[in-house]
Each structure stands twice: as structure tokens, then as C-alpha cells.
Amino acid sequence: MQATGTTMARHWLGSALGAFAALAVARQAASADAGMRNIDFPGSYTTRPNAINDHGVVAGSYAQTAAPDEGHGFIRTKDGVFVSFDAPGGKGRTGAEAINASGSVTGIYADKSQHDHGFVRDADGTITTFDAPDASDILPFAINDRGAITGYAIGDDHHYHGFLRTSRGKLSSFDVPDADDTYAVAINRDGAITGDYDDSDGTHGFVRDPGGSYTTFDIPDVNDAAVAPAAINASGEIAGTWQSTDNYTFHGFVRTVDGTITTLSLGSNTYATAIDDSGAIAGYYDSQGFVLAPDGDITALNYPGANETFAVSIAATGAVTG
């Protein structure tokens, strides 16, 4: 599986047209409320799970106060044991964004000057920090099962550039050809990377294959749609969200390996945040979470007593966190 963080809360988050397909809820969705468990970090003010791996280990961040510059990383084992950690030099703000099958975690920490740096925490607790050359900030968002990490960095040129850090620690930056800014957000086990990029015509999706070749894409038959991929699975299927600049509504989408894009419109606004290797998609719409199975069955996720439920990561076992 490929684990990813809350990538839609980035630079532009806050009806099918023509010949391209749309999926809508046409029946009462099944509910999985009874299987939900609270995973608040003990004594925390807020807890934000960002990713779950195939062994049921959850990674994320928590804060003990309402202060905006306070935060710590955590992992929660399948048995419910919490482990807190901070990156060296984190100055009270460390966030875990993604976790792979072996339990390695990547994320972001801020220094006393509020510049962002990257880290990887091995399963044994060893933390290695890293930065990108010629960049003021770096934001890792995903780690694959081989230990490769991707995300993006803010260059000294004040533009955003994608980066790839190998399991051996070699870091290189990359840009979609002719892009003004490149935002890499997810990587699969083979090293294919997806994300979005900006140019004079708007925001578009891309996939970068392991050899470094790019394929760019937009939503067919929709003018001026801003596209934001969120996750890529082992076979190269991509899930994400696009925004209509006509009416500012959000729609989920899935892109198959052959380039076919299907819109997911499950409510007034739909966000697809994760996809597992079977093609099951997790996300949220109209303040409730959902899992869309490959056969089209939809499971609604509503945490008991909550006003809103957001699913952000799905494991191969079908376990979801958010």
C-alpha cells in the first residue's frame, strides 16, 4: 500500500460534463460506525491521524494545547500503544505525515525560525533529518515501502519544486516541464510519483514514472478545473480531488493506468484522499467519511456523536484512519 498524509490541505483547498463518467450515490450506503475506535493521544488537546499502514499502525500528530506552533509526532500500534516523538531541533512542532509497511515514518518539523525541515523515523526510533539544497523549506508527504520519500520544497527562487529522497538518503529535486511550481504528494512502491503543478493555464495533475518521464493530465471536458491528486497505488491508479472554477465545488476522481478519469460526486462536495492496492478509495463528502469499494459499494463513515468525519488514509486490510 501507499500511505499519504492530508495533502488536500495545501495550496488551494479550503456534475459530470460531456463524455466523462461520474459516480453518484444512488442508494443508501452501508454504515461502519460500529467498528470505529477513538484514538486520541492520552491527555492531548487535539489528535490528527494522517496515515495507517497494512499492519494497523497509525501515524500522525497531536498537540497538548491550543497554541498554533505546538505539536508532536506519534505512532499508535495495532494494540493501542502510543509512542510520542519529536524531531531533533523541532522546537515543539513535529508532524508525522506518512508511514510505510515496515513502520518508517516521514514528516515535517519546524525550527525556531519557523522554517520547515524533513525527517524520517525508522521503526527502531532512530530519527534522521534532512533538507533540500537551495531551498528554505522542505515538506515530505509520502514514503513508500522501500523507504523512498517524496514531497516538495520551497526553493531560494521562491518557487515550489518536487523532490525524491532515496532510501540511501540521496535527495534530488525535479519539476514538471514548463511548470511554474511542482507539488509532489504521493509515491508508490515502484517509485512512481503523483502530484500537481501550476502554470499559466491553472493547476494540473501529473505522474512521474520511476525513470523520470512525466505524464500530465486534466479533467476531460471540464474547462479550468484545478486538479489535485492525493494518492497512487501499486498499479499506478491515482485518486484525488478536482475543483470547478465555475462554481467552486469539489469532486473526487480516480485515474486508471490507461489514463481514464472517472469523477466521484457523492454529495455537494466530495474529496478522495486515499486509494489502496485493490482500488478501494477513501475520502469524505458532506461532512461524512466514505470507502468506495472496487465493485461500487459505498460504506459511509460517521463517528458516533461527531458532527464531521474525515477519512484520510486506507490500508490494504480495509482499515481506515482519519
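In what follows, every heavy atom counts, from backbone to side chain, and hydrogens, waters and symmetry copies are set aside. Just so you know, residue 1 is the first one in the sequence shown, and it goes up from there.
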Asks: Evaluate the side-chain hydrogen bond (donor to acceptor under 3.5 Å, both in side chains) criterion for residues T256 and E237: first the C-alpha distance (whole Å), next the side-chain angles of each, then the deciding distance (0.1 Å), finally the verdict.
Replies: CA-CA 5 Å; T256 60; E237 295 174 312; over 6 Å; no
Asks: For T203 and D196, which I'm curious about, is there any donor-acceptor pair between the side chains at under 3.5 Å?
Replies: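 Looking only at side-chain atoms, D196 and T203 do not form any donor-acceptor pair under 3.5 Å.
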Asks: Between atom CG of D224 and atom CD of Q243, what is the distance when rounded to the nearest 0.5 Å?
Replies: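 Answer for the CG-CD pair, D224 versus Q243, is 11.5 Å.
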Asks: Minimum heavy-atom separation for S61 and F74, please, with both atom names.
Replies: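 Of all heavy-atom pairs spanning S61 and F74, the closest is N-CE2, 3.3 Å.
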Asks: Looking at Y45 versus Y62, is the centre-to-centre ring distance below 6.0 Å?
Replies: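 Ring centres of Y62 and Y45 not closer than 6.0 Å.
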Asks: Please test S265 against H251 for side-chain hydrogen bond (donor to acceptor under 3.5 Å, both in side chains), starting from the C-alpha separation and ending with a verdict.
Replies: CA-CA 6 Å; S265 293; H251 309 266; 3.0 Å; yes
Asks: Would you please indicate if the ring centroids of Y197 and Y214 are separated by under 6.0 Å?
Replies: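 Ring-ring flag for Y197/Y214: false, centres at least 6.0 Å apart.
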Asks: List for me each residue that meets side chain to side chain donor-acceptor pair (under 3.5 Å) alongside S213, sequence neighbours excluded, and say none if there are none.
Replies: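 For S213 there are no side chain to side chain donor-acceptor pair (under 3.5 Å) partners, ignoring immediate neighbours.
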Asks: Between N233 and N188, what is the shortest heavy-atom contact and its length?
Replies: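 Here N233 and N188 meet closest at O-ND2, 3.0 Å.
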Asks: Check A153 against A135 and note the closest heavy-atom contact, atom names and distance.
Replies: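 Scanning both residues, the minimum pair turns out to be CB-CB, 4.0 Å.
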Asks: Tell me whether the count of non-hydrogen atoms from other residues, nucleotides or ligands lying under 6.0 Å of CG in D156 goes above 12.
Replies: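 Counting other residues, nucleotides and ligands, CG of D156 exceeds 12 neighbours.
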Asks: Looking at every non-hydrogen atom in both residues, tell me the closest pair between V120 and F130 and how far apart they are.
Replies: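 Looking at all heavy atoms of both residues, the shortest contact is N-CE2, 4.0 Å.
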Asks: Which atoms form the tightest heavy-atom contact between A101 and D145, and what is the distance?
Replies: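 That would be N-OD1, 3.0 Å.
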Asks: Supply the atom-to-atom distance T249 OG1 to N269 CG, rounded to the nearest 0.5 angstrom.
Replies: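 Reported to 0.5 Å precision, the distance equals 6.0 Å.
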Asks: Hey, what do you get for OG (S84) to CD (Q64), rounding to the nearest 0.5 Å?
Replies: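 So the OG of S84 and the CD of Q64 are separated by 7.5 Å.
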Asks: What class does the angle between the rings of Y160 and Y152 fall in, given that below 30° is parallel, 30 to 60° is tilted and above 60° is perpendicular?
Replies: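 Perpendicular: the ring planes of Y160 and Y152 meet at over 60°.
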Asks: As an exercise, state the distance from NE2 of H55 to NZ of K78, rounded to the nearest 0.5 Å.
Replies: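 If we round to the nearest 0.5 Å, H55:NE2 and K78:NZ are 9.5 Å apart.
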Asks: Is there any salt bridge (charged side-chain N to carboxylate O under 4.0 Å, His left out) pair reaching into residues 114-131, and which pairs are they, with sequence neighbours excluded?
Replies: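 Qualifying pairs, neighbours excluded: R93-D116.
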Asks: So which heavy atom on T194 is nearest to which on F206, and how close?
Replies: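 In terms of heavy atoms, the two residues are closest at OG1-O, 2.7 Å.
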Asks: Would you say D111 and H117 are linked by a side-chain donor-acceptor pair, where the criterion is simply a distance under 3.5 Å?
Replies: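 Yes - a donor-acceptor pair under 3.5 Å links their side chains.
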Asks: Rounded to the nearest 0.5 Å, how far does CD1 of I238 lie from CD1 of I275?
Replies: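 The distance works out to 9.0 Å.
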Asks: Quick one: OH on Y271 to CG on D286, what's the gap to the nearest 0.5 Å?
Replies: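 If we round to the nearest 0.5 Å, Y271:OH and D286:CG are 9.5 Å apart.
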Asks: Check the pair Y284 / T270 against side-chain hydrogen bond (donor to acceptor under 3.5 Å, both in side chains), numbers first and verdict last.
Replies: CA-CA 6 Å; Y284 52 94; T270 302; over 6 Å; no
